[in-house]
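Input: a single structure, listed below in structure tokens.
Chain letters run A, B, ... following the sequence lines, proteins first and then strands; every chain starts at 1.
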Protein chains: 2
Amino acid sequence: MSQPMPIGTVSRLARVKVATIRYYEGIGLLPVPARTGANRRGYDIMDVRRLKFIRHARDLGFDLNAIRQLLALAGLPEQPCDEADAIARTHLAAVGQKIDQLTALRKELEAMVERGTHGRIAECHVIEVLANSDE
Amino acid sequence: MSQPMPIGTVSRLARVKVATIRYYEGIGLLPVPARTGANRRGYDIMDVRRLKFIRHARDLGFDLNAIRQLLALAGLPEQPCDEADAIARTHLAAVGQKIDQLTALRKELEAMVERGTHGRIAECHVIEVLANSDE
DNA sequence: GCTACATCCTCTAGCTACTAGAGGAGCAAG
DNA sequence: CTTGCTCCTCTAGTAGCTAGAGGATGTAGC
């Protein structure tokens, strides 16, 4: 009953760029919409919902593959929720690892930078650390 | 005087993959080496050093652009060291930001996952959070 | 009806930093 | 002489878009 929305409207509502919406369609993350007589894509409210779901998941750092699975699960309300849980937990673990990695990195970079060098490159601690081949 | 090394040897010494070495050559990060009669690349110890420098910097998360600058600076021992310092500090700041970002993310993911769900998708907290369009 | 201007369309190429693979030549050891 | 390793070039793929060319259509004001 409701008029189909053009892609720009969907873009504003879901806060997903037009080009990104077309991209999602291309990789099968978003269903191929009907077209108007003038070959324009026509969307409905369900498409907006789906896009918002995707955007939320992307904001939380899920990759498109995980999102694909989560979307599939979201469509099966009677299924057990274990799988969705597992996906989220896996991602959480990955984020934790990345944080640990970056924290270790930061420590090294701080050690590298801490000595306020005002000398020449020849005595530059930063360059020195990079050039040293120990470890 | 020393024999030129084949790419495989350099690869082992610097712990940089053969394909990556060729890639670095292609983008101008590594000088184009002389070739042997049979068209093989011939490297010397300086190339190994340069590659180790690059690898160290990569391990510390510098991007190739920053590394390009750092390499240039490393070749000018009389220059002041400020610029190298600035590059390192900028990178350090970026790493710090990334950590903060991921830490916030982790908090959200933890909140999402904490409720051990054993129900159906219909009651799944993970899916629910993703589907909710507030904020 | 006419004129802007915004929006839509498709298609291609670019971004980062590599990696993988095809298809072929050369070299060293047994 | 054959086996197997290393080397060569070139192309395409990875993730997740983004930007731009070049063209058609819709809409608002006059």
Side-chain angles (χ1 to χ4, degrees), chain A residues 3-30 32-43 47 50-51 53-71 87 90-91 94-95 98 101 105, chain B residues 3-30 32-43 47 50-51 53-71 90-91 94-95 98 101-102 105:
Chain A
Q3 303 282 347
M5 281 176 274
I7 197 168
T9 303
V10 175
S11 170
R12 277 185 292 279
L13 288 175
R15 265 168 288 169
V16 175
K17 291 187 182 173
V18 167
T20 305
I21 295 172
R22 289 197 276 245
Y23 171 69
Y24 287 162
E25 178 186 328
I27 62 167
L29 205 58
L30 208 59
V32 176
R35 299 289 182 121
T36 69
N39 197 33
R40 309 286 174 94
R41 291 170 178 83
Y43 296 98
D47 296 309
R50 196 175 174 93
L51 270 170
F53 186 105
I54 295 171
R55 183 173 57 75
H56 288 155
R58 288 294 298 138
D59 288 348
L60 287 168
F62 288 96
D63 61 34
L64 293 183
N65 213 335
I67 293 174
R68 215 182 278 274
Q69 293 174 257
L70 289 168
L71 278 168
I87 293 171
T90 299
H91 180 49
V95 169
K98 191 79 197 168
Q101 222 181 80
L105 208 71
Chain B
Q3 303 282 348
M5 280 176 274
I7 198 168
T9 302
V10 175
S11 170
R12 276 184 292 280
L13 289 176
R15 266 167 289 168
V16 175
K17 291 188 184 172
V18 167
T20 305
I21 296 172
R22 289 197 276 245
Y23 171 70
Y24 287 162
E25 178 186 328
I27 62 168
L29 206 58
L30 208 60
V32 175
R35 299 288 182 122
T36 69
N39 197 32
R40 309 287 174 95
R41 291 169 176 83
Y43 295 99
D47 296 308
R50 195 174 174 93
L51 270 170
F53 185 105
I54 295 171
R55 183 173 56 75
H56 288 156
R58 288 293 296 136
D59 288 349
L60 288 169
F62 289 96
D63 60 34
L64 293 183
N65 213 335
I67 293 174
R68 214 182 280 272
Q69 294 174 256
L70 289 168
L71 278 167
T90 300
H91 180 48
V95 170
K98 191 79 197 167
Q101 221 180 79
L102 286 177
L105 207 72

> Which is it for A:Thr9 and A:Tyr43 under the side chain to side chain contact (heavy atoms under 4.5 Å, CB included) test, yes or no, and what are the steps along the way?
Replying inline: CA-CA 9 Å; A:Thr9 303; A:Tyr43 296 98; over 6 Å; no
>> Determine whether A:Tyr24 and A:Leu64 satisfy the following criterion, side chain to side chain contact (heavy atoms under 4.5 Å, CB included), listing intermediate values before the conclusion.
In response: CA-CA 9 Å; A:Tyr24 287 162; A:Leu64 293 183; 4.0 Å; yes
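In this structure the side chain of B:Arg35 never reaches within 4.5 angstrom of the side chain of B:Arg40, judged on heavy atoms. Proximity of B:Lys98 to B:Val95: side-chain heavy atoms (C-beta onward) are nowhere separated by under 4.5 Å.
OP1 or OP2 of D:dC17 sits under 4.0 Å from a side-chain N or O of A:Tyr24. Residue A:Thr20 places at least one side-chain N or O under 4.0 Å from the OP1 or OP2 atom of D:dT18.
Atom CG in A:Leu51 sits roughly 11 Å away from atom P in D:dC17 (whole-Å rounding). Residue A:Leu29 contributes atom CG, which lies 13 Å from atom C1' of D:dA15 at whole-angstrom precision. Remark: P of C:dA17 and CG of B:Leu30 are 16 Å apart, rounded to the nearest angstrom. Taking atom OH of A:Tyr23 as the reference point, atom P of D:dA15 lies 8 Å away to the nearest angstrom. Between A:Ile7 atom CD1 and C:dC9 atom P there is a gap of 5 Å when expressed in whole angstrom units. Per the geometry, CD1 belonging to B:Ile27 stands 13 Å off C1' belonging to C:dC15, to the nearest Å. Nucleotide D:dT6 holds its P atom 15 Å from the NZ atom of B:Lys17, rounded to whole Å. For B:Glu25 and D:dC10, the CD to P distance is 12 Å, given to the nearest whole Å.
Residue-level contact check: A:Arg58 touches the backbone only, with heavy atoms under 4.0 Å from sugar-phosphate atoms and none from bases.
Across every non-hydrogen atom of A:Leu71 and A:Ile54, the tightest pair is CD1-CG1, 3.9 Å.
One N or O on the side chain of A:Arg55 and one on the backbone of A:Ala14 form a donor-acceptor pair closer than 3.5 Å. Looking only at distances, no side-chain donor or acceptor of A:His91 sits under 3.5 Å from a matching main-chain atom of A:Ala66.
Of the residues in residues 33-41 of chain A, those placing a heavy atom less than 4.0 Å from an atom of DNA chain C are A:Arg35, A:Asn39, A:Arg40, A:Arg41, in numerical order.
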